[in-house]
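This report concerns only the one structure given below.
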Amino acid sequence: MGGPSGTFITVEESHRLLAYEDLATGGSFIVFNNSRSIFQIVKNFTDFFAHESCGFCTPCRVGTSLLQKQLDKIVLGHGSAGDVVELERIAGLLRQYSHCGLGQTAANPVLTTLERYPELYQQQLKKISYEPGFDLDAALQVARQMAGRNDAAAHLQQVEE
Amino acid sequence: MANLTIDGQVVGFEPGQTIMEAATAAGIYIPHLCHKPGYTPHGSCKLCSVKVNGRVCSACTFPAADGQQVISQSAELQQDRRHITQLLFVEGNHFCPSCEKTGQCQLQAVAYELKMHDNHFPQFYPQRALDASHPDIVLDHNRCIFCNLCVRASREKDGKNVFGISGRGIHKHLIVNSESGLLKDTQLTVDDAAAHVCPTGAILIRNTAYHVPIGQRLFDHQPISEVSLEHDHGQ
Amino acid sequence: MANKLRIATTSLAGCFGCHMSFLDIDERIAVLADVVEFDRSPLTDIEHCGPCDIGLIEGGVCNSENVHVLREFRRNCKVLVAVGACALNGGLPAMRNAVSLEDCLLEAYRDGIGVENPQIPNDPELPLLLDKVRPIHEVVKVDYFLPGCPPSAEVFWGFLSALIEGRQPDLPYDQLHFD
């Protein structure tokens with residue numbers, strides 16, 4: 001409801017009112033059927049805000065890009081125990097401290113889906129205490145290529161066996 | 001005289017003052033980086049975020065009003081200010097041990113004040129340039145936090161308009177207003193306010209780096225909360 | 001003896017300056033030796049880390065071996081501590097992040113002044129470099145951070161004393177430094 005910075009609602013909430021007091025919208029609403037991936041929608045909107053941030057204030061300039069990174073980590077299956085908490089932390093900074101409405105609502109796609117589908121996010125997390133936020137093996141690619149190596153020691157597992 | 005309260009302390013203010021100005025006059029420190037007395041308020045770093053009657057506002061731009069209840073030192077605000085400082089640290093390339101400004105740097109001093117021990121968030125390690133073209137002044141973009149103080153100083157104090165801000169989002173950057181984009185082709189001189197106003201080590205005066213040894217520098221033994229009030233009171 | 005805390009230490013992409021600073025606790029090392037025992041550390045020459053209470057990591061992560069060592073420490077240490085600027089944000093070694101790894105290697109091994117028999121080292125014994133130097137908390141979970149280049153002997157002493165006595169460690173203003 002209300003475009004990318006609005007509120008995600010589920011079918012169970014269809015009794016709610018399109019009104020300033022309940023679901024505020026300037027007129028825009030988008031309906032997604034069950035063939036759509038919620039993560040893809042959230043990622044699309046989050047990428048949009050990282051691109052749209054004007055960069056004036058610290059929370060939005062850095063926060064929208066960090067939120068993008070952190071969401072990607074979870075969506076791509078590299079999230080672990082503390083990563084949703086971290087996502088909420090970044091979202092909270094954006095919402096509370098951004099200078100204007102763009103930053104204050106940029107985390108809404110994350111926050112309003114997290115509120116309604118917490119299990120979706122939790123299912124996406126690995127049952128380990130930590131996983132790096134960058135691709136370890138890809139980080140060796142340049143060195144591997146320049147040394148002409150491809151032996152076992154020239155690779156890294158993303159997570160310890 | 002009208003009054004507001006900051007963390008329960010009654011503070012008087014003159015009409016037209018911001019919350020930051022009222023606080024400073026009363027000897028209360030509110031963390032800040034883009035604010036400097038005598039300069040047009042900017043309100044972009046967000047370190048001076050306070051709660052005014054329950055709402056988050058920037059103390060450096062928000063007008064003081066009679067009866068306002070301002071909260072500044074809550075555990076929540078201090079923690080979030082620490083996170084905002086960490087955002088600034090991961091966004092740029094801030095390697096204190098190799099920076100001439102260490103010990104005199106306001107970004108670093110604010111981090112100390114907020115008991116920031118680590119950068120917490122993942123580093124961006126952006127690719128940024130170093131402009132060493134000017135005979136007296138070095139501009140290291142790696143350490144710029146976009147506080148706009150040099151932009152304001154050059155326009156408002158020096159009447160020169162040497163600096164500007166360009167780009168948006170995480171790609172925002174400081175630019176130099178000359179055909180070549182280099183400092184050497186501007187009117188910037190070593191006695192300009194803009195050459196001295198940088199709170200970090202982004203704009204440095206050459207040949208002055210180690211006049212004061214590390215260990216004896218401004219913030220080495222005195223927190224910025226004290227230094228700032230002493231300096232800002234004098235203005 | 002059985003109740004002694006076990007401590008392991010190592011330097012990844014660091015200069016051992018943090019270890020030197022640790023040794024600046026001087027004769028207090030004798031006091032420490034009454035209550036702790038050192039496992040893997042440059043001070044003991046033990047090659048692999050066994051189960052430990054505290055692991056102190058100096059330096060950032062610049063190559064594949066650093067990743068293996070760091071994981072060995074995380075696996076074995078109840079409490080893992082990032083020590084010094086390089087472990088915290090990559091530090092001085094991370095200043096190479098401004099240059100692409102390809103350019104770094106070409107300059108060092110092929111195009112640089114005075115390079116003879118130019119070739120990129122390719123012995124399988126050698127660890128490969130990561131494209132960027134990273135802080136250790138981007139690779140494993142870290143429990144405490146001791147900033148400084150290096151953290152002073154007082155920082156080490158205060159921190160270890162607190163952990164040994166079961167207190168929450170704290171850094172007073174005079175000990176909180178990034179330089």
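Below, each value reflects all heavy atoms present in this structure, side chains not excepted, and no hydrogens, waters or symmetry copies. Labels below follow one simple rule: chain letters A, B, ... track the order of the sequence lines, proteins then strands, and each chain is numbered from 1.
- Using modelled atom types, one finds no donor on one side chain facing an acceptor on the other under 3.5 Å when comparing A:Asp137 with A:Gln158.
- A cation-pi contact links A:Lys73 to A:Tyr130, judged by a cut-off of 6.0 Å to the six-membered ring centre and 45° from its axis.
- Between C:Val79 and C:Asp53, the closest side-chain pair of non-hydrogen atoms is not below 4.5 Å.
- Highest contact tally toward chain C, considering only A:Gly148, A:Ala143, A:Ala147, A:Ala139, is held by A:Ala139 [criterion: heavy-atom pairs under 4.5 Å].
- When only modelled atom types and interatomic distance are considered, A:Asn150 and A:His155 share a side-chain donor-acceptor pair under 3.5 Å.
- Under 4.0 Å is where a charged nitrogen must lie from a carboxylate oxygen, and between C:Arg74 and C:Asp143 at least one such pair does.
- Scanning residues 109-137 of chain C against chain A with a 4.5 Å heavy-atom cutoff picks out C:Ile120, C:Pro121, C:Asn122, C:Asp123, C:Pro124, C:Leu126, C:Leu128, C:Leu129, C:Leu130, C:Asp131, C:Arg134, C:His137, ordered by number.
- No donor-acceptor distance shorter than 3.5 angstrom exists from the side chain of A:Asp22 to the backbone of A:Leu18, with no hydrogens or angles considered.
- With hydrogens and angles left out, the side-chain atoms of A:Thr10 and A:Tyr117 include no donor and acceptor closer than 3.5 Å.
- A donor-acceptor contact under 3.5 angstrom links the side chains of C:Thr9 and C:His19, judged on distance only.
- If you measure heavy-atom distances from A:Leu140 to chain C, the contacts under 4.5 Å come from both the backbone and the side chain.
- In this structure, the portions of A:Arg144 lying under 4.5 Å from any heavy atom of chain C include both its backbone and its side chain.
- In this structure, the portion of C:Arg75 lying under 4.5 Å from any heavy atom of chain A is its side chain and not its backbone.
- Using a 4.5 Å cut-off between heavy atoms, C:Val67 touches chain A through its side chain atoms alone.
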